[in-house]
Amino acid sequence: MNLPQTEFPMKANLPQREPEMLKFWADIDLYKAIRSVSKGKPKFILHDGPPYANGDIHAGTAMNKILKDIIVKYKTMAGFDSPYVPGWDCHGQPIEHNVEKQLGEKAKTISQVDFRKLCQDYAMRYVDIQREQFMRLGVSGDWFDPYLTLKHEYEATNVKTFGELYKRGLVYKRRKPIHWCVKDQTALAEAEIEYKDEVSPSIYVKFPLKSEFEPVKTFDEPKFIVIWTTTPWTLPANVAVAVHPEADYVAIKTAGEILIFAEARLEVVATETGIADYEVVAKFKGADMEFLKCEHPLFSEKESVVVLADYVGLDTGTGAVHTAPGHGQEDYLTGLKYDLPAPMPVDAAGHFTKEAGQFAGMYIIKANKAIIEYLKEKNLLSYDTEITHSYPCCWRCKNPVVFRATEQWFISMDIDDLRKEALKSIADVRWIPDWSIRRINSMVEGRPDWCISRQRSWGVPIPVFYCGDCQEDVVTEETIKSVVELFMKDGADAWFDKSAEEILPQGYTCPKCSGKKFVKETDILDVWFESGVSHEGVLKTREELKWPADIYVEGSDQHRGWFQSSLMTSVGVYHRAPYDAVLTHGFVVDKDGRKMSKSLGNVVNPLDVIEKSGADILRLWVASSDYTVDVAISPDILKHVGDAYRRIRNTFRFMIGNLFDYNPETDAVAYDQFLELDKWALHQMTQLLKTVTASYESYRFHGMYHTVYNFFTNELSSLYLDILKDRLYASAAGSRERRAAQTVLFEMLQVFTGMLAPVLAFTCEEAWSYLPEAVRKTSSVHLSEWPVLNEDYLDAELATRWDKILKIRDEASKALEEARNAKLIGNSLEARVELYVDGATKELLEQYEPQLAQMFIVSSIDVHSFDAAPEDAFKSDTIEALAIKVFAARGSKCERCWRYEDTVGESPEHRGLCARCAGVLAGA
RNA sequence: GGGCCUAUAGCUCAGUUGGUUAGAGCGCACCCCUGAUAAGGGUGAGGUGGCUGGUUCGACUCCAGCUAGGCCCA
């Protein structure tokens with residue numbers, strides 16, 4: 001008997017084995033080895049989007065990197081030189097924030113340069129941590145020479161690109177409101193804001209209507225539009241009153257005046273302002289009021305215009321919203337739409353400036369009272385109380401935060417048609433899945449100008465100088481060049497270290513006024529700008545890469561993020577997208593489709609999965625899921641993946657075990673010497689390889705997974721391999737039929753380890769190492785080439801014939817099951833089967849009659865006419881004119897092959913054996 | 001509130017341009033085997049196709065609304 005023998009363990013023990021494999025890859029320097037065998041092949045560049053260097057990886061980042069790795073590994077095997085240079089986003093507010101928290105009180109006294117050093121240490125610490133975690137996933141790449149946004153050359157790239165965009169005229173400066181803490185006198189990011197309950201004034205203010213307004217023109221009484229606000233101190237900056245275009249508004253007549261506000265607020269406003277007697281004298285739409293002019297309630301010489309805005313709500317207030325573009329995000333956007341000024345009468349410390357007239361010098365919160373008093377005096381205040389509401393506060397000092405317009409840098413979307421050009425470039429990119437293009441299109445169409453400045457320390461400075469004399473911005477090719485050179489050499493730190501004169505070329509003078517003194521810009525660039533120039537800083541910079549990239553692969557949130565920032569910087573400078581294709585994936589969610597969160601208790605940590613089950617389980621999970629939508633993960637789902645993994649692993653093990661005595665160089669059997677079933681198997685395998693290759697090519701990995709897995713289950717385990725057992729175990733070791741089976745198994749093992757290597761990176765490597773060394777052309781499966789599709793294995797005619805026979809086999813299984821339930825047989829070898837068929841089917845079966853028993857794994861099969869079928873025979877539901885009758889097998893059980901044979905006992909030397917087995921032993 | 005997307009058996013997925021009893025594998029149940037053995041084989045039971053309307057001779061497939069969920073805005 002030739003039973004399988006192998007050291008390939010059934011139990012994967014991936015948590016222990018994978019690290020050994022990683023060590024092996026490190027020992028042979030797999031990444032470099034791949035580069036050297038790929039040299040000269042066409043390039044396929046997947047450009048990595050840089051994760052943020054903060055915290056551990058999570059299921060989302062793990063999935064992202066695994067997807068990328070599957071693509072890169074596939075492309076590499078498929079004949080491309082596909083270097084993968086991972087990157088990290090190292091600057092930005094979260095790191096700065098964390099460092100600041102760690103510093104505590106010391107944060108206030110530390111120098112900017114020292115602070116930046118701490119931020120760098122922080123970022124590098126997490127680069128190290130994440131690098132190790134990503135590598136542990138089996139992702140191969142240039143891990144020890146990644147791109148980092150904090151590297152000198154990379155920092156210089158930002159300056160270079162900024163210079164190009166500036167030169168094209170796309171960069172400009174404008175006021176925009178940002179969160180501002182007047183106590184700490186600093187800008188705050190969204191994440192630095194905490195919401196607390198605060199008590200604020202709640203007032204209705206009457207804006208005297210100056211324009212003639214048709215619906216109320218017959219009335220002589222003074223007319224007012226009534227607004228509601230909880231921040232009286234923002235009134236000095238008022239320039240408009242916003243109303244909802246579709247909402248109904250009313251004019252009411254009361255006590256010698258006409259008041260205008262939303263109909264829906266009539267009762268509440270009347271009650272709160274104590275108006276008992278009134279009459280609705282007119283009704284109209286908000287849209288009717290557009291462009292009406294009001295007198296500014298505080299400064300009678302100024303005007304406030306009525307504008308339309310969809311965000312105006314009717315649940316609170318009056319349906320008429322006080323609008324100060326300098327003090328609010330929505331107000332700001334409305335201001336842009338109507339081209340309104342954005343006065344900012346509040347200084348950095350929260351005091352009114354001269355612009356605020358009689359309130360100049362007052363601290364804004366205290367000014368509330370003065371403003372209310374003033375309004376009362378002018379009889380423009382109709383309600384005055386207090387309200388407790390949730391209000392944004394500074395994370396550091398806990399004081400209320402204000403919106404305050406400050407000068408910011410922008411990239412214009414419409415100067416020189418950047419937006420149009422971007423939209424045109426989008427059309428030239430392949431977006432996967434195809435709805436992705438709709439999303440990016442609508443976002444680019446609708447996005448406002450890109451605000452690229454931040455009032456921060458940890459980042460790349462905006463390379464602008466201001467002339468000390470004429471105050472003009474100075475950005476020229478010369479200044480850009482000097483900053484680029486400086487950053488290349490000393491990094492962006494030098495900006496904070498050196499004076500403007502030290503940075504600029506010696507004797508540099510202002511192009512406008514020839515001034516010699518300069519001041520540096522203190523703002524830094526938005527980190528999205530930084531990552532957005534990676535195509536320049538990485539693709540164009542590194543020799544092994546190319547520009548544009550073949551593909552970018554990120555989560556769908558990057559339509560607003562990296563896909564777009566990369567597009568804009570690329571279109572802005574090179575007039576085309578930096579990628580030929582963009583593939584997006586969904587987010588990782590729990591089994592119910594909910595986002596993972598601590599409070600829901602549904603977080604799956606990839607590091608735990610690796611530790612418990614192994615990275616290949618995670619990789620298989622990624623491959624099994626349809627990433628175009630959100631991807632679910634849960635302990636239960638991972639358990640199912642684990643089950644599937646074991647099936648694949650055991651199939652490998654079975655193949656390996658049965659090849660223990662097979663030497664491909666001497667034992668291989670030629671195709672024409674194969675049994676027909678072997679040819680059928682190779683045909684099926686070849687078809688599978690076609691399908692699988694097509695799936696990889698179209699990035700449909702889950703389709704690939706299901707196809708392969710079904711093949712393992714249906715074609716292999718339950719069919720081909722099951723039938724093969726008799727041949728492998730009982731035939732003479734060197735017999736043609738056994739060697740033929742081994743030849744097929746060997747071929748299959750190579751094909752399957754190859755086609756699954758991009759996914760099961762560790763397990764396929766492990767299985768690969770069990771191939772006979774003589775045929776292993778490469779030390780690692782990841783150095784091998786994509787399995788060759790052998791057209792000679794295709795035989796459609798033979799496949800059709802055998803598919804018919806195998807369908808009958810399925811029916812026989814049902815008949816056997818009935819016999820088993822009737823206790824007639826146990827093992828199918830205990831059965832003798834009679835098939836009753838007609839016509840072409842009969843001819844077919846008769847042609848193969850001697851082989852059928854082996855194919856059906858029973859002891860014997862006879863074919864008869866359908867007419868001869870006994871009454872109680874099994875009748876097929878699916879195949880016409882097919883009846884099957886199962887009997888207990890004749891003869892005795894062969895001790896060796898377990899088949900029931902009349903010939904058992906015939907051989908005097910081997911009393912317990914059938915003729916075949918006796919013959920095998922006699923020959924041995 | 002807006003844009004894009006998703007909703008088919010317990011799980012992961014298929015379902016060609018609307019057309020006969022909606023498929024696969026896993027899991028589950030039961031059975032067999034004990035020479036892939038913490039394996040392997042067989043049979044079988046599981047679906048109001050998120051919900052509600054509409055178009056149509058006919059819809060899982062088209063349309064509208066709703067619900068739940070995701071990403072991004074506001």
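Lettering follows sequence order; numbering is per chain, from 1. Treat the numbers as computed from the prediction; the structure is a model and nothing was measured.
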- request: Please work out if Glu895(A) contacts a base, only the sugar-phosphate, or nothing of the nucleic acid, heavy-atom cut-off 4.0 Å.
  value: base

task: Could you work out the separation of G19(B) and U37(B) based on their P atoms and round it to a whole Å?
output: 47 Å

message: Has Asp616(A) got a side-chain atom pairing as donor or acceptor with Leu14(A)'s backbone, closer than 3.5 angstrom?
response: no

message: Just to be sure I understand the rule, does His706(A) reach a base, reach only the sugar-phosphate, or reach nothing, if contact means heavy atoms closer than 4.0 Å?
response: base

- request: Using a 4.0 Å heavy-atom cut-off across all strands, classify Gln329(A) as base, sugar-phosphate, or nothing.
  value: nothing

- prompt: With a distance cut-off below 6.0 Å to the six-membered ring centre and an angular limit of 45° from the axis, does Arg653(A) pair with Phe8(A) as a cation-pi contact?
  reply: no

message: Tell me if G46(B) is syn or anti. Syn = glycosidic torsion within 90° of 0, anti otherwise.
response: syn

message: Measure CD/Glu818(A) against C1'/G44(B) and give the value in whole Å, please.
response: 12 Å

query: Side chains of Gln854(A) and Arg899(A): donor-acceptor distance under 3.5 Å anywhere?
result: no

Short N-O contact, Asp449(A) and Lys176(A), less than 4.0 angstrom: no

message: Using atom P in both nucleotides, what's the gap between U52(B) and A45(B) to the nearest angstrom?
response: 28 Å

message: Considering every strand and a 4.0 Å limit on heavy-atom distances, what is the contact class for Met10(A): base, sugar-phosphate, or nothing?
response: sugar-phosphate

- request: Find the distance Tyr705(A):OH to A14(B):C1' and express it as a whole number of Å.
  value: 14 Å

field: Sugar-phosphate only, base, or nothing, as touched by Leu816(A) at under 4.0 Å among non-hydrogen atoms
entry: nothing

task: Calculate the interatomic distance between Lys639(A) atom NZ and G10(B) atom C1'; express it in whole Å.
output: 11 Å

message: Just the rounded figure in Å: distance from P of A7(B) to NZ of Lys591(A).
response: 18 Å

message: What's Met655(A) touching, base or sugar-phosphate or nothing? Going by heavy atoms closer than 4.0 Å.
response: nothing

task: Using Watson-Crick or G-U wobble pairs with both distances under 3.5 Å, give me RNA chain B in dot-bracket, 5' to 3', with [ ] for crossers and | for pairs to another strand.
output: (((((((..((((.....[...)))).(((((.......))))).....(((((..]....)))))))))))).

- prompt: If you round to the nearest 0.5 Å, how far is CD1 of Ile66(A) from NE2 of His585(A)?
  reply: 11.0 Å

query: When you check the gap from the basic side-chain N to the acidic O, do Lys814(A) and Asp877(A) get nearer than 4.0 Å?
result: no

- prompt: Which part of the nucleic acid, if any, lies within contact of Lys725(A), taking any heavy atom under 4.0 Å across all strands shown: a base, the sugar-phosphate backbone alone, or nothing?
  reply: base

message: Considering every strand and a 4.0 Å limit on heavy-atom distances, what is the contact class for Ser625(A): base, sugar-phosphate, or nothing?
response: sugar-phosphate

query: P atom, U17(B) versus U56(B): distance in rounded Å?
result: 23 Å

query: Taking NZ, NE, NH1 and NH2 as the nitrogens, is one of them in Arg17(A) or Glu766(A) under 4.0 Å from a carboxylate oxygen of the other?
result: yes

field: Ring-on-base stacking G35(B) with Trp898(A) (under 5.5 Å, under 30°)
entry: yes

task: Determine the Euclidean distance between corresponding P atoms of G47(B) and G10(B); express it in Å to zero decimal places.
output: 8 Å

- request: Would you classify Arg447(A) as touching base, sugar-phosphate or nothing, given that sugar-phosphate means primed atoms plus P, OP1 and OP2, and contacts are heavy atoms under 4.0 Å?
  value: nothing

query: Is a salt bridge present between Glu817(A) and Arg820(A), judged by a nitrogen-to-oxygen distance below 4.0 Å?
result: yes

field: Same-atom distance (C1') from G69(B) to A38(B), integer angstrom
entry: 39 Å

- prompt: Is Lys68(A) salt-bridged to Glu554(A), going by a charged N under 4.0 Å from an acidic O?
  reply: yes

Length of the line joining Asp626(A):CG and G70(B):P, which is rounded to integer Å: 18 Å

- request: With heavy atoms under 4.0 Å as the rule, sort Thr628(A) into base, sugar-phosphate or nothing.
  value: nothing

query: Starting at CG of Asp630(A) and ending at P of C13(B), how long is that distance when rounded to a whole Å?
result: 11 Å

task: Determine the contact category for Arg809(A): base if any of its heavy atoms lies under 4.0 Å from a base atom, sugar-phosphate if only primed atoms, P, OP1 or OP2 are that close, otherwise nothing.
output: nothing

- prompt: Between Arg700(A) (CZ) and U12(B) (C1'), how many Å, whole number?
  reply: 13 Å

task: Scan Gly657(A) against the nucleic acid and name what it touches under 4.0 Å (heavy atoms): base, sugar-phosphate only, or nothing.
output: nothing

- request: Determine the Euclidean distance between corresponding C1' atoms of G70(B) and U55(B); express it in Å to zero decimal places.
  value: 31 Å

query: When rounded to the nearest Å, what value does the distance between P atoms of C31(B) and G23(B) take?
result: 28 Å

- prompt: Reckon Asn650(A) touches a base, only the sugar-phosphate, or nothing at all at heavy-atom distances under 4.0 Å?
  reply: base

query: What nucleic acid atoms does Asn714(A) come within less than 4.0 Å of, heavy atoms only: base, sugar-phosphate, or nothing?
result: sugar-phosphate

- prompt: How far, in whole Å, is A59(B) from G2(B) if one measures between their C1' atoms?
  reply: 30 Å

message: Donor-acceptor check, side chain of Arg727(A) to backbone of Glu737(A), threshold 3.5 angstrom: yes or no?
response: yes

query: Could you give the CD-to-C1' distance, from Gln854(A) to G41(B), as a whole number of Å?
result: 16 Å

